[in-house]
Amino acid sequence: MITQSTSNILKDSNWKMILYAKAGQGKTTSIQYLPGKTLLLDLDNSSKVLSGIPNIELYKFDNGTKEGRPFDREHPIEDMNTFLSDPDLKEISKKFNNVVIDNVSSLEKDWFVEMGRKSHNGISNEIQDYSQWTNYFARIVTTLYMIPNVNILITAWEQKIDNELESGQTFSQYAPDVRLKSLNGFLGLADVVARLIVNPKTGNRGAMLEGNNTVYAKNRLDERTIAPIEEVFEFGKHKPVAKKKEGNE
């Protein structure tokens, strides 16, 4: 029997994180703040905002040229399978500190479009497509999280979902935009789930790291509940922001 003391586990290394927000809020731009060198798989063609930023390399697919080609959104299944089966991923930590998948909400929509092309009428999705996506997405996330010795960041758009308490009271909650049957497993496997928001008064961006009835978020790497986007990936380096006390003092 081989054992390891939990006192020797490093929480702030090789973490798995989900960052979600409305389109255009700065998810892709936030990638520049990851410490170290980053490999980016751009699923929605938004990496242009990172132009000129060092230490980020785009994953390209072999098309017989030195430059390669970007992710093919008309054939997402084939390209995602190619990426996940790339033998270089097993030793990717020799070159990169982080792997980013940007963004899985776009991947989901492109996947259903591709499956619709394969249907009887060439447009509509068939009933089995929905259960197939649930299984396929679970395999994608599991395979990504098994990439050794690197941090994994997955981005997504946001959606509002309806939840119900045991009392029967219902409430709406912001969460990553993936199909509900895939959502619990997706969220449960991550160390951190953060919602990116923009302060309308200052334009500054920050991440919510603690959830409530209106926002799904969690942080099991340190005690922070919120963080400016420039510091959100610096796990274990900052003290939590003190909450304001109620009442007059």
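Residue numbers run from 1 in the order of the sequence given.
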Tell me if a side-chain donor or acceptor on Lys218 pairs with a main-chain N or O of Ala190 at a distance below 3.5 Å.
yes
Quick check: are there more than 12 heavy atoms from other residues, nucleotides or ligands sitting under 6.0 Å from CZ of Arg139?
no
Measuring from atom CD1 of Ile197 to atom CD of Glu158, what distance do you get when rounded to the nearest 0.5 angstrom?
10.0 Å
Please verify the inter-ring angle class for Phe112 with Trp133; under 30° counts as parallel, over 60° as perpendicular, anything in between as tilted.
tilted
What pair of heavy atoms forms the shortest contact from Asn125 to Gly116, and how long is it?
ND2-N, 3.5 Å
As an exercise, state the distance from CD1 of Ile18 to NZ of Lys27, rounded to the nearest 0.5 Å.
13.5 Å
CZ of Phe235 to CG of Asn151, rounded to nearest 0.5 Å, is 8.5 Å
What are the two closest non-hydrogen atoms of Leu189 and Tyr145, and how far apart are they?
CB-CE1, 3.5 Å
With Pro76 as partner, the option from Asp110, Leu43, Val113 fulfilling side-chain contact (heavy atoms from CB on, under 4.5 Å) is Asp110
Would Leu144 and Ile140 count as a side-chain contact (heavy atoms from CB on, under 4.5 Å) here? Give the steps.
CA-CA 6 Å; Leu144 288 171; Ile140 289 175; 3.8 Å; yes
Mind listing the closest non-hydrogen atom pair of Val178 and Gln159 along with its distance?
O-NE2, 2.9 Å
Out of curiosity, Asp222 CG to Leu209 CG, how far, rounded to the nearest 0.5 Å?
7.5 Å
Indicate the atoms forming the closest heavy-atom contact of Asn199 with Lys201, along with that distance.
OD1-N, 2.8 Å
Distance from Ile92 atom CD1 to Asp86 atom CG, nearest 0.5 Å?
7.5 Å
From Gln25 CD over to Thr155 OG1, what is the distance, rounded to the nearest 0.5 angstrom?
13.0 Å
Do side-chain atoms of Glu126 reach the backbone of His120 as a donor and acceptor pair under 3.5 angstrom?
yes
Do Thr225 and Met208 have side-chain heavy atoms sitting under 4.5 Å apart?
no
Less than 6.0 Å separating the ring centroids of Tyr174 and Tyr216?
no
Between Thr170 and Asp162, a side-chain donor and acceptor under 3.5 Å
no
Between Asn98 and Gly36, which heavy-atom pair has the shortest distance, and what is it?
ND2-C, 4.2 Å
Treating Asp102 as the side-chain partner and Asp42 as the backbone partner, does any N or O pair qualify as donor plus acceptor under 3.5 Å?
no
What do the steps show when you test His75 against Asp72 for side-chain contact (heavy atoms from CB on, under 4.5 Å), and what is the final call?
CA-CA 5 Å; His75 301 91; Asp72 185 352; 2.8 Å; yes
Please determine whether side-chain contact (heavy atoms from CB on, under 4.5 Å) holds for the pair Asn55 and Thr38, giving the CA-CA distance in whole Å, both sets of side-chain angles, and the decisive distance to 0.1 Å.
CA-CA 6 Å; Asn55 296 327; Thr38 297; over 6 Å; no
Run the salt-bridge test on Glu114 and Arg117 with the 4.0 Å N-O cut-off and return the result as yes or no.
no
Determine the sole option in Arg69, Arg73, Lys60 for which the salt bridge (charged side-chain N to carboxylate O under 4.0 Å, His left out) test with Asp79 is passed.
Arg69
Pairwise side-chain contact, Leu153 with Met17, heavy-atom cut-off 4.5 Å (strictly under):
yes
Could you check Ile101 against Tyr59 for side-chain contact (heavy atoms from CB on, under 4.5 Å), going step by step and ending with a plain yes or no?
CA-CA 10 Å; Ile101 310 300; Tyr59 184 94; over 6 Å; no
Do Phe186 and Pro176 come within less than 4.5 Å of each other through their side chains, counting heavy atoms only?
yes
Do Val99 and Tyr33 belong to the same hydrophobic cluster, where Ile, Leu, Val, Met, Phe, Trp and Tyr are linked whenever their side-chain heavy atoms lie under 4.5 Å apart, directly or via other members?
no
Any salt bridge between Lys94 and Asp88, counting N to O under 4.0 Å?
no
Can any side-chain N or O of Ser119 pair as donor or acceptor with the backbone N or O of Met115 at less than 3.5 Å?
no
Are more than 12 heavy atoms, taken from residues, nucleotides or ligands other than Glu91, located less than 6.0 Å from that residue's CD atom?
no
Taking C-beta and beyond as the side chain, do Glu210 and Val215 meet within less than 4.5 Å on heavy atoms?
no
Do Val192 and Lys16 come close enough that some side-chain heavy atom pair is under 4.5 Å?
no
So does Lys90 have more than 12 non-hydrogen atoms from other groups sitting under 6.0 Å from NZ?
no
Are Leu50 and Val100 linked, directly or through intermediate hydrophobic residues, by side-chain heavy-atom contacts shorter than 4.5 Å (ILVMFWY only)?
yes
Tyr20 vs Leu196 side-chain heavy atoms within contact, under 4.5 Å
no
Count I, L, V, M, F, W, Y as connected when their side-chain heavy atoms are under 4.5 Å apart, and connections chain through other members. Are Val232 and Ile152 then in the same cluster?
no
Grouping I, L, V, M, F, W and Y whenever their side-chain heavy atoms are under 4.5 Å apart, do Leu180 and Leu107 come out in a common cluster?
yes
Quick one: do Val104 and Phe71 end up in the same hydrophobic cluster if we chain Ile, Leu, Val, Met, Phe, Trp and Tyr together by side-chain heavy atoms under 4.5 Å apart?
yes
Nearest heavy atoms of Lys95 and Glu57, plus distance in Å
NZ-OE1, 3.4 Å
May I ask you to decide if Thr82's main-chain N or O and Ser85's side chain share a donor-acceptor pair within less than 3.5 Å?
yes
Close side-chain approach of Gln173 and Phe171, heavy atoms under 4.5 Å
yes
Any heavy-atom pair between the side chains of Leu40 and Ile31 that's under 4.5 Å?
yes
